[in-house]
Amino acid sequence: MPKMPVMEAAVRIMESEGVDVCFGIPGAAILPLYKAMSKSSKIRHLTMRHEEGATHAADGWARITGKVGVAIGTSGPAGTNMVTGLYTCQGDSIPIVCITGQAVRPILHKEAFQAVNIAEIVKPVVKKSYCVLETAQIPGVFREAFKIAREGRPGPVLIDLPLDVQRGEVEYDPDIDAPLEITKPAPDVRKIRRAIEMLLKAERPILMMGGGIMRARAYHEFVALAEYLQVPVIPTYMAEGGIAYDHPLYGGRVGCQTNTRGGNKLFLESDLVLSIGNRFADRHTGDVAVYRGERKFIHIDIDPLVIGKVFPADLGIVSDAKLAVEALFRVAKEMTPKRSSSDWSKKAADYKRRFRRKMDFDQVPIKPQRIFKEINEFFDPDTIFVTSIGLYQIWSGQFQEIQKPNTYFCCGQAGPLGWEVPTCMGVKLGKPDAQVVGVVGDYSIQFLLGDLATAVQYNVPYVMVMLNNGYLSLIRQPSKYIYEMNYAVDIGYGDGYGPDFVKIVEGFGGLGKRVIRPEEIKPALAWAVEESNRRKIPVLVEIREDRDTDAAMGVSIDKIVERDPVIDLPADAPVKEPVAVR
């Protein structure tokens, strides 16, 4: 068996696991790995401006490619800076491997410079963490780390490498090594048959597509099942795009924040929900008693511990999402011929048409609803959108019309501010020919602004559409209605004390343009797309929006408070009839 520097073996393993780009920041305690990476012709490395940004970029790359993302940092604060990114990937079931350097073994317990027990610190937010104390273990640890990240419910793994361990040699032959086998649990066919029986017996069933369907790349099969049974589909927010917005069985979005009026209404009328790959998150369910109601639930998930975590299921099935959908389709064909559309299945499209929110505001400052109307009309269905957390993200979830799988990404569980800037970069590198658009807020973008310089340095082009109201508006809204205050949430419109975002982006080497009037939005978007792709840089369109607009929200899905006009059409209204606004 040939001998080689152990970090060269680690790099060869990453190459064979499908890694072609890494995001990181070199430091003294991780330089042996960087030395080995410098010899790789297959892995591109981007030097980020913050280790949290490295984890988010790896997150975006993993989401779009379906492979395991890699982020790298040195010892001490590099690892602690990665905790937020690890937590984000844990919550959203995204497979990444974070690699950190560490002080040499003899001084780990002596409070040495930048020596922190990062493997213990991250344990609550990873599937597994390692501090590798023997050089000979590194090839096995790297192989197992990639397997664990991918297998079961995907998620993050951390590998901590003491400097003296990295400097060693190992007997390793890449020609006789390969990724470890991934096992996927198949569903019990008896339970699948029971699920189909329950579906066929129900009068108003719904198929709920969760983020697990997206991770398993099972969306086409899921939609085919819905079409065969003629059952409306409600995607969770993490599965947006899994079924086209224009599909006649698309039932809308359910939730207390990122919802559509038709989606909540349709769900509340249902009597059975079959959900695959869904956590029943609190911003989706709201008041669980209202959400559960009298309806029955079939919950399918690859993680046995997710089933029953929020409320008991009437039928729980442990399975890989794709294997579950395939089994459901196979058994459905055995038990029933292809079903025709029904009054219930037609309600999906009918409610989407009849129960909406007004978007065509003409006022200045611009209403956020109008911004998303312009976004829907301008960008084609292949555009990939990335958004983080804030009122701008909630409006995005309420108003954007997504037509294709893997074209809409949001950090659903953790909600870290600043996620979009590095994540857009990871998504773009994972799918270089795609048009990537970050929908960003004026506060969130300030968290990881430095990685705009990374995008400029490495010629990673994408467009950012900023909704700027000069507020921490997701906090301002409950402050106003619950606590009757407007305290510590004003960050300025740019007049006097607010940032000039156009100058900031230009200072990093990008381009920016400010929009004041509704009719300026589309020309600015066209300019941004052209300049970003021509110059290979990030480009910002900052849209000054109305400062006082609030989003429709509620504590339960039957009590959403509408803050702006809504559209209600009678059941017999023609499609082209002018809408009635109340």
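No experiment lies behind these values; they were computed from the predicted model shown.
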Between Phe447 and His50, does the ring centroid distance fall short of 6.0 Å?
no
Side chains of Leu161 and Thr100: closer than 4.5 Å at any heavy-atom pair?
no
The reported gap from OG in Ser444 to CG in Leu472 (rounded to nearest 0.5 angstrom) is 10.0 Å
Would you say that Pro368 contacts Leu467 through its side chain, given a criterion of any heavy-atom pair below 4.5 Å between the two side chains?
yes
Indicate yes or no for a side-chain donor-acceptor contact from Ser319 to the backbone of Ala321 under 3.5 Å, with no hydrogens or angles considered.
no
Tell me, please, which residues at least two apart from Arg44 pass salt bridge (charged side-chain N to carboxylate O under 4.0 Å, His left out).
none
Quick check: does any side chain N or O of Tyr443 sit under 3.5 Å from a backbone N or O of Asn468, one acting as donor and the other as acceptor?
no
Show the numbers, then the answer: is there a side chain to side chain contact (heavy atoms under 4.5 Å, CB included) between Trp61 and Val427?
CA-CA 5 Å; Trp61 186 87; Val427 170; over 6 Å; no
Looking at Gln166 and Leu31, what are the two nearest heavy atoms and their distance?
OE1-N, 4.5 Å
For residues Arg49 and Gln457, is any side-chain donor paired with an opposing acceptor at under 3.5 Å?
yes
Taking the six-membered ring for Trp, are Phe385 and Tyr408 parallel (under 30°), tilted (30 to 60°) or perpendicular (over 60°)?
tilted
In sequence, state the C-alpha distance, the side-chain angles, and the governing distance for Leu46 and Val21, and then conclude on side chain to side chain contact (heavy atoms under 4.5 Å, CB included).
CA-CA 8 Å; Leu46 277 72; Val21 60; 3.7 Å; yes
Would you say the side chain of Val421 lies within less than 4.5 Å of the side chain of Tyr462, judging by non-hydrogen atoms?
yes
Any chance NZ of Lys513 has more than 12 other-residue heavy atoms, nucleotides or ligands included, within less than 6.0 Å?
yes
When you measure from the centre of the six-membered ring of Tyr237, is the NZ or CZ of Arg253 closer than 6.0 Å and no more than 45° off the axis?
no
Non-hydrogen atoms of Leu474 and Gly390 that approach each other most closely
CD2-CA, 3.8 Å
Do the ring centers of Tyr34 and His45 come within less than 6.0 Å of each other?
yes
Taking side chain as C-beta onward, heavy atoms only, is His299 less than 4.5 Å from Phe280?
yes
Heavy-atom nearest pair, Val157 first then Tyr130, reads CG1-CE1, 3.7 Å
